[in-house]
Novice: 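Following this message is one structure expressed as structure tokens.
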Amino acid sequence: MNQAVPIAFYAPLKSPHHPASSGDRTMARLLFMALERAGFAPDLASELRTFDGTGDATAQERLRIESEGEADRLLDLYRACSAGLRPRLWFTYHVYYKAPDWIGPRVAERLGIPYVIAEGSRAAKRADGPWALAHRGAEAALDRASAIFVMTPVDRQALERARPSRQVLVDLPPFTDAAEWADAPSSAPRHVREPHSGLRLLTVAMMRGGDKLASYAILAEALAGLGPGEWRLDVVGDGSARAEVETLLAPFGSRVRFHGHIGDRARLCEMYRQADVFVWPAVNEAYGMVLLEAQAFGCPVVAGAYGGVASVVRNDETGVLTSPGDAMALARAVTALRDAPERRRALAAAARRFVADERGLEQASARLRTSLVPIIGARAIS
């Protein structure tokens, strides 16, 4: 690719510049970086957020109208610039019934450029009810896409059932970038404590109502089931439900240490490096970026097998997956690893290899380039 091809990038759920940290923001930023690494020139087209978490039809209609206005603004902007600076493709990250894309399809259609999506989800049961309007918007965008980059097998099932004949589904599993961390994972063998020295557990998760709070409740129940033996849990995270989380974990006293939100990568890196096991029930997680990050540092994961978690944790190879919502199964898995340092060592080494060899920025960039070049067209990238 002699000259970087302009691409319009959009994330209707959460912009890569959004002030609140989350897995969605992280993946949006990583995709932007991967497109750059692949030789494209992505530009953040809009930061308009279309997320409606409550099912408010009035809010959805307002966002739809705002999106149309934003699309028209972008069209005026693109038509006024030279042909070489106009986007050759529109790339949207994460489209589903709570965060439809009303901008990208409109702009792509008017400019006559391809429209693609990464991480699109279909939910037929939302066709009626409080999210009906947003659902129609999400489905129209998914139908319009020339290609959808699929991040989990769970998403693929629904996407395949409704796939237009001209649409291509491309597997692009979740990935991370070790180079972003101030202290990248070492290739040296990871220190593993012996059973009698106690187990250091780690959880990194936002504290908010809904699925996150439900996960913390299951975590508290699992900790109560660990039985005899020394352990300590470090909790990294903050949010509106912090008081409820602290109440849930209060019975364990000084065994649980709260660190709040850690924005310093070097410090968070050290938390991953020092932990023996990363534990998280993962209620309704799409996949869980923190699970991938933990493994990059050679920290085995014990997690509930919800949603696409199995797409980032290989059961009995890089960690242990338990039945969704089963606190006692989570406790048994942690106890088994506590008493088996050699197994923890093997899981740690496999986890580090898995992320380094298969889930890095380079692998994702290569997949994006291979898939997008034919869609854009040879003349546009020569």
Side-chain angles (χ1 to χ4, degrees), residues 22-24 26-27 96 119 121 123 151-158 173-174 176 199-227 231 233-237 239 241 244-245 248-249 251-252 256 271-272 275-297 299-340 343-344 347-348 350-351 354-355 359:
S22 69
D24 291 299
T26 298
M27 183 50 67
Y96 76 125
E119 192 170 344
S121 302
M151 293 194 156
T152 72
V154 175
D155 285 340
R156 175 175 273 278
Q157 293 175 13
T176 188
L199 193 69
R200 187 162 180 172
L201 305 173
L202 174 65
T203 288
V204 179
M206 291 182 291
M207 298 177 181
R208 65 187 183 203
D211 294 334
K212 288 290 192 280
L213 188 57
S215 289
Y216 275 110
I218 294 170
L219 177 62
E221 188 179 350
L223 294 176
L226 290 182
W231 59 267
L233 172 67
D234 290 300
V235 180
V236 176
E244 292 95 322
V245 172
L248 286 168
L249 299 178
F252 308 106
V256 176
M271 300 294 293
Y272 281 129
D276 295 308
V277 175
F278 188 100
V279 57
W280 185 236
V283 173
N284 293 328
E285 292 277 5
Y287 40 86
M289 283 299 297
V290 291
L291 306 181
L292 205 56
E293 290 174 359
Q295 292 172 94
F297 288 92
C299 182
V301 168
V302 173
Y306 280 93
V309 171
S311 67
V312 295
V313 181
R314 289 182 172 168
N315 190 34
D316 288 330
E317 181 182 340
T318 69
V320 179
L321 299 182
T322 61
S323 298
D326 191 335
M328 290 304 99
L330 208 68
R332 288 192 297 272
V334 171
T335 300
L337 290 184
R338 179 193 65 194
D339 298 335
R343 187 179 180 218
R344 292 206 312 272
L347 290 174
F354 165 60
V355 177
R359 299 303 177 85

Novice: Would you compute the distance between atom CD of E119 and atom CG of D24 and round it to the nearest 0.5 angstrom?
Specialist: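 If I round to the nearest 0.5 Å, the distance is 6.5 Å.
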Novice: Tell me, please, which residues at least two apart from A158 pass side-chain contact (heavy atoms from CB on, under 4.5 Å).
Specialist: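 Partners of A158 under the side-chain contact (heavy atoms from CB on, under 4.5 Å) test: R122, R161.
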Novice: Is it true that a side-chain atom of D276 and a backbone atom of L199 form a donor plus acceptor pair closer than 3.5 Å?
Specialist: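 Judged by distance alone, no pair lies under 3.5 Å.
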Novice: So does P174 get a backbone contact from the side chain of R359, meaning a donor-acceptor N/O pair under 3.5 Å?
Specialist: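 Side chain of R359 to backbone of P174, a donor-acceptor pair under 3.5 Å: yes, one is there.
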Novice: Could you pull out every donor-acceptor pair under 3.5 Å between side chains of residues 201-208 and any protein atom, sequence neighbours left out?
Specialist:
unit_1, atom_1, unit_2, atom_2, d
T203, OG1, V279, O, 2.7

Novice: Locate the shortest heavy-atom distance separating A222 from A331; write the atom from each residue and the value.
Specialist: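 Of all heavy-atom pairs spanning A222 and A331, the closest is O-CB, 3.3 Å.
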Novice: Kindly say whether V312 contributes a backbone atom to a donor-acceptor pair with the side chain of Q295 at under 3.5 angstrom?
Specialist: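 Looks like yes, one N/O pair under 3.5 Å.
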Novice: Nearest 0.5 Å, what's the OG1-CG distance between T176 and L291?
Specialist: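 Interatomic distance, T176 OG1 to L291 CG, rounded to 0.5 Å: 11.5 Å.
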Novice: Tell me the closest heavy-atom pair linking S215 and A282, and the distance in Å.
Specialist: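 Minimum heavy-atom contact is OG-N, 3.6 Å.
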Novice: For residues 300-314, which residue pairs pass the side-chain hydrogen bond (donor to acceptor under 3.5 Å, both in side chains) check, not counting sequence neighbours?
Specialist: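 Sorted pair list: R314-E358.
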Novice: Applying side chain to side chain contact (heavy atoms under 4.5 Å, CB included), run through V355 and L292 and close with a yes or a no.
Specialist: CA-CA 7 Å; V355 177; L292 205 56; 4.1 Å; yes
Novice: Rounded at 0.5 Å granularity, tell me how far CH2 in W231 sits from CG in L226.
Specialist: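 If we round to the nearest 0.5 Å, W231:CH2 and L226:CG are 6.0 Å apart.
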Novice: Going from CG on L248 to CG on L219, what distance comes out if it is rounded to the nearest 0.5 angstrom?
Specialist: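 L248 CG to L219 CG: 9.0 Å, rounded to 0.5 Å.
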Novice: Classify the angle between the aromatic ring planes of Y272 and F297 as parallel (below 30°), tilted (30 to 60°) or perpendicular (above 60°).
Specialist: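 Parallel.
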Novice: If you compare all heavy atoms of L347 against all heavy atoms of G319, which two are closest, and at what distance to 0.1 Å?
Specialist: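 Looking at all heavy atoms of both residues, the shortest contact is CD2-N, 3.8 Å.
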Novice: Just by modelled atom types, is the L337 backbone N or O under 3.5 Å from a matching donor or acceptor in the R344 side chain?
Specialist: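 Here the side-chain-to-backbone pair exists.
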Novice: For the CG atom of D234 and the CZ atom of F278, what is their distance to the nearest 0.5 Å?
Specialist: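 Interatomic distance, D234 CG to F278 CZ, rounded to 0.5 Å: 11.5 Å.
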Novice: Side chain to side chain contact (heavy atoms under 4.5 Å, CB included) for R343 and V320? Distances and angles first, verdict last.
Specialist: CA-CA 11 Å; R343 187 179 180 218; V320 179; 3.7 Å; yes
Novice: Please report the interatomic distance CG(L223) to OH(Y216), rounded to the nearest 0.5 Å.
Specialist: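 L223 CG to Y216 OH: 11.5 Å, rounded to 0.5 Å.
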Novice: What residues, two or more places apart in sequence or in another chain, satisfy side-chain contact (heavy atoms from CB on, under 4.5 Å) together with T26?
Specialist: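 With sequence neighbours excluded, T26 shows a side-chain contact (heavy atoms from CB on, under 4.5 Å) to R29, L30, M289, E293, given in chain and number order.
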Novice: Sequence neighbours left out, what passes side-chain contact (heavy atoms from CB on, under 4.5 Å) with A123? Give chain and number order.
Specialist: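 If we apply the side-chain contact (heavy atoms from CB on, under 4.5 Å) test to A123, skipping adjacent residues, the hits are Y97, R126.
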Novice: Would you please test E317 and F354 for side chain to side chain contact (heavy atoms under 4.5 Å, CB included) and show each step?
Specialist: CA-CA 9 Å; E317 181 182 340; F354 165 60; 5.6 Å; no
Novice: Do you know the tightest heavy-atom contact between V277 and C299?
Specialist: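 Closest pair (atom of V277, atom of C299, distance): C-SG, 3.8 Å.
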Novice: Which heavy atom in A214 sits nearest to a heavy atom in V283, and how many Å separate them?
Specialist: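 The pair with the smallest heavy-atom distance is C-CG2, 4.2 Å.
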Novice: Once salt bridge (Lys or Arg N to Asp or Glu O under 4.0 Å) is applied, what residue pairs with a partner in residues 213-223 remain, sequence neighbours excluded?
Specialist: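 Salt bridge (Lys or Arg N to Asp or Glu O under 4.0 Å) check on residues 213-223 returns no pairs.
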Novice: So which heavy atom on V302 is nearest to which on A333, and how close?
Specialist: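 That closest heavy-atom pairing would be CG1-CB, 3.8 Å.
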